[in-house]
Amino acid sequence: MNAPKFTTLGCRLNAYETEAMKELSQQSGLSNAVVVNTCAVTAEAVRKARQEIRKLRRENPDARLIVTGCAAQTEPETFAAMVEVDAVIGNTEKMQPDTWTGLAADFIGETEAVQVDDIMSVTETAGHLIDGFGTRSRAYVQVQNGCDHRCTFCIIPYGRGNSRSVAAGVVVDQIKRLVDKGYNEVVLTGVDLTSWGSDLPAQPKLGDLVMRILKLVPDLPRLRISSIDSIEVDENLMQAIATEPRLMPHLHLSLQHGDDLILKRMKRRHLRDDAIRFTEEARKLRPDMTFGADIIAGFPTESEAHFENSLRLITDCNLTWLHVFPYSKREGTPAARIPQQVNGKTIKSRAARLRAAGTEQVAKHLAGQIGKTHHILMENPHIGRTEQFTEVSFAAPQPEGQIVTTKIIGQNETQLTA
């Protein structure tokens, strides 16, 4: 019996959910199937999903091809109409054992080809207990799903639903299990992490969860937080940044732009000065803190002056790791109705300028680490990551999954060398 093959597109949360689906599909007995877990963050992501589906069909002509994920949730009819696709499964349905049992029992006939319900009606996120990602380095734990905000450029709430949290006790129990299995680093993931707890009794904050994990799982060497919205950071999270060395000094910020007018048109909840103030405060508490950020180039009505504010934000916040997105019209979002006053060539050029500035920042960061001693989590025998998530290359093999303490001796374009 051939186990199903999985392809994951998009974010870490998707990667986490793919691991859950692997377990669910194995438990159901599903075989000879290909599952594509799609992303919907941009129109380009949907195009890539369609391209990947056609490629997988050519490579697996006799397999049953199942499409799920955010693009399947937001555009089920698009994928149902593809001749390559046998079934379309929504984001809620993909995490339910009954879905996979039904697919395994009788793929054609009894099982509906499209199983996509209203994501906005979902009020719970189950804590799916995943034992890891096939490596011995780090594990990802989903603590939150969905988003209550409606940024004008973003389709994700329509793929993920409203914000819902995994109870702290469930999260702590899972992390204990992962530590018992030998994981030295756990990453908390979600769609809008800083909204964690808003739907739970007493409405705890993300900082409360972080402090609770670090207190109740004393054997966990490293806890990392994925992307956050800096305007929602609470006092306890700032306290954890200041006092907890096991909380890694790297935060990826959902900034999106550096100009106040564009931020308002994006319906973001922070202004330029809020971002600068947060990074300055965090660095005062933790001088070795590094920041990544998402930035969009070419949002409708973005003038050269607006763009220059984004470009300057990179140095004003001393950002290191950038995710630059050239704006693309996303049908179904309010921004798609705004007349696009920036042509494609200008958008591409501005994105390139942002990336070039990011490359300079990375080079500056790398140069600043030479001669310093770092604790490096090994992802494979020759590559590991520092506390700030900087990649380090080793000439001599190291034990995979272990934390190695060493002095940094050099750098290349994107890595440190030890």
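Quick caveat: nothing in here was measured; it's all calculated off a predicted structure.
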Minimum heavy-atom distance between [X] and [Y], given as atom pair plus value:
{"X": "Ile89", "Y": "Ala72", "answer": "O-CB, 3.8 Å"}
{"X": "Leu377", "Y": "Ser137", "answer": "CD2-O, 3.8 Å"}
{"X": "Ala240", "Y": "Val210", "answer": "CB-CG1, 3.9 Å"}
{"X": "Glu331", "Y": "Ile155", "answer": "O-CD1, 3.7 Å"}

Looking only at atom types and distance, does a side-chain atom of [X] sit under 3.5 Å from a main-chain N or O of [Y], one as donor and one as acceptor?
{"X": "Arg283", "Y": "Cys317", "answer": "yes"}
{"X": "Gln388", "Y": "Thr290", "answer": "no"}
{"X": "Asp234", "Y": "Gly207", "answer": "yes"}

Report the residue from Leu416, Asn380, Ile383, Thr406 that forms a side chain to side chain contact (heavy atoms under 4.5 Å, CB included) with Phe394.
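So the option named by the test is Thr406.
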Name the orientation class of the two ring planes belonging to Phe6 and Trp100 (parallel below 30°, tilted from 30 to 60°, perpendicular beyond 60°).
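Tilted: the ring planes of Phe6 and Trp100 meet at 30° to 60°.
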Assign the ring pair His252 / His250 to parallel, tilted or perpendicular, where the plane angle (0 to 90°) is split at 30° and 60°.
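Plane angle between 30° and 60°, so tilted.
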I'd like to know whether [atom1] of [X] has more than 12 heavy-atom contacts from other residues, nucleotides or ligands below 6.0 angstrom.
{"X": "Lys48", "atom1": "NZ", "answer": "no"}
{"X": "Glu59", "atom1": "CD", "answer": "yes"}
{"X": "Glu235", "atom1": "CD", "answer": "no"}

Do His270 and Phe278 make a side-chain contact, defined as non-hydrogen atoms from C-beta onward lying under 4.5 Å apart?
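The answer is no; the side chains never approach within 4.5 Å.
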Would you say that Asp192 contacts Gln144 through its side chain, given a criterion of any heavy-atom pair below 4.5 Å between the two side chains?
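Yes - at least one pair of side-chain heavy atoms lies under 4.5 Å apart.
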Tyr140 and Tyr16: ring pair (Phe, Tyr, Trp, His ring centres under 6.0 Å), yes or no, with the steps?
CA-CA 6 Å; Tyr140 296 86; Tyr16 177 94; 8.2 Å; no
Assess, by modelled atom type and distance only, whether the side chains of Thr78 and Arg50 contain a donor and an acceptor separated by less than 3.5 Å.
no
Given Glu185, which partner from the list Arg224, Arg246, Arg385 fulfils the salt bridge (charged side-chain N to carboxylate O under 4.0 Å, His left out) test?
Arg224
Residue from [options] passing side chain to side chain donor-acceptor pair (under 3.5 Å) with [X]:
{"X": "His257", "options": "Glu302, Lys264, Arg272, His306", "value": "Glu302"}
{"X": "Asn309", "options": "Asp260, Asp259, Asp316", "value": "Asp259"}
{"X": "Thr18", "options": "Thr68, Asn37, Thr7", "value": "Asn37"}

Side chain to side chain contact (heavy atoms under 4.5 Å, CB included) assessment of Thr301 paired with Ile338:
CA-CA 8 Å; Thr301 75; Ile338 302 174; 3.8 Å; yes
Strictly below 4.0 Å, N to O, side chains only: are Arg277 and Asp274 in salt-bridge contact?
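Salt bridge present between Arg277 and Asp274.
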Can you tell whether the side chains of Arg164 and Asp148 come within less than 4.0 Å, N to carboxylate O?
no
Between Val46 and Glu75, does a side chain to side chain contact (heavy atoms under 4.5 Å, CB included) hold up when you go through it step by step?
CA-CA 9 Å; Val46 178; Glu75 301 181 31; 3.8 Å; yes
Apply the test side chain to side chain contact (heavy atoms under 4.5 Å, CB included) to residues Leu188 and Leu223: give CA-CA distance (whole Å), side-chain angles for both, the deciding distance (0.1 Å), then the verdict.
CA-CA 8 Å; Leu188 303 183; Leu223 180 66; 3.9 Å; yes
Could you go through Leu209 and Val171, starting from their C-alpha distance and side-chain angles, then the distance that decides it, and tell me whether this counts as side chain to side chain contact (heavy atoms under 4.5 Å, CB included)?
CA-CA 9 Å; Leu209 178 64; Val171 175; 4.3 Å; yes
